[in-house]
Amino acid sequence: MTDKGVERSDERHEAEPWWAGLGTWGAVALIAFGGLAIIWVSLRLPGTPEELATGYYGAAKVVAVGLVVAGGALLGHLRTRAAATEETTEGAGRVKTSE
């Protein structure tokens, strides 16, 4: 096959997941909401599915997404902190000479 008549673009349109921009507080909220859902299911309050495993599974997915987002936010924070530390130590190693 040939690529005649096919226009190519260097732009990439990657779809981000719905939780990509939540940040640290969004992650904490997801973890708390998942924990609340687990308690809700274990107490069999109204709205609990007949099959309890389904409720626990849904709540566990919410907690897992929250943990992933929190881990990503933590890694981003640590990378930023390490980069700032490297800049500080590089600047301190230079000796200033007077002319």
Side-chain angles (χ1 to χ4, degrees):
M1 296 188 91
T2 62
D3 289 334
K4 293 180 182 177
V6 177
E7 185 177 329
R8 292 191 179 218
S9 174
D10 290 337
E11 295 180 29
R12 293 186 182 189
H13 301 284
E14 295 181 21
E16 291 185 353
W18 60 267
W19 45 266
L22 289 178
T24 307
W25 289 111
V28 170
L30 280 176
I31 295 167
F33 182 72
L36 181 63
I38 290 171
I39 293 170
W40 190 278
V41 170
S42 65
L43 294 177
R44 298 181 182 178
L45 295 173
T48 302
E50 287 186 29
E51 185 65 38
L52 293 179
T54 305
Y56 287 126
Y57 177 69
K61 286 195 310 186
V62 172
V63 171
V65 169
L67 290 172
V68 167
V69 172
L74 178 64
L75 285 175
H77 175 71
L78 292 176
R79 286 180 184 156
T80 304
R81 190 173 179 186
T85 304
E86 287 177 7
E87 289 176 5
T88 305
T89 56
E90 287 176 3
R94 297 181 185 165
V95 178
K96 196 173 191 180
T97 59
S98 58
E99 293 180 19

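Side chains included, hydrogens not; waters and symmetry mates left out as well; all remaining heavy atoms used.
- Residue L74 holds its CG atom at 11.5 Å from CG of L67, rounded to the nearest 0.5 Å.
- Closest approach of G55 and P49 over heavy atoms only: N-CG, 3.7 Å.
- Residues V63 and G35 approach most closely at CG2-N, 3.9 Å, considering heavy atoms.
- Under a hydrophobic clustering in which Ile, Leu, Val, Met, Phe, Trp and Tyr are joined whenever their side-chain heavy atoms come within less than 4.5 Å, directly or via other members, V68 and V62 fall into the same cluster.
- Tracing side-chain contacts under 4.5 Å through hydrophobic residues (I, L, V, M, F, W, Y), one never reaches L22 starting from W25; they form parts of separate clusters.
- Transitive grouping of hydrophobic side chains (ILVMFWY, heavy atoms separated by less than 4.5 Å) brings V69 and F33 into a common cluster.
- A continuous path of hydrophobic side-chain contacts links V41 to I38 [ILVMFWY only; heavy atoms under 4.5 Å].
- Across all non-hydrogen atoms, the minimal contact from A27 to G66 is CB-O, 3.3 Å.
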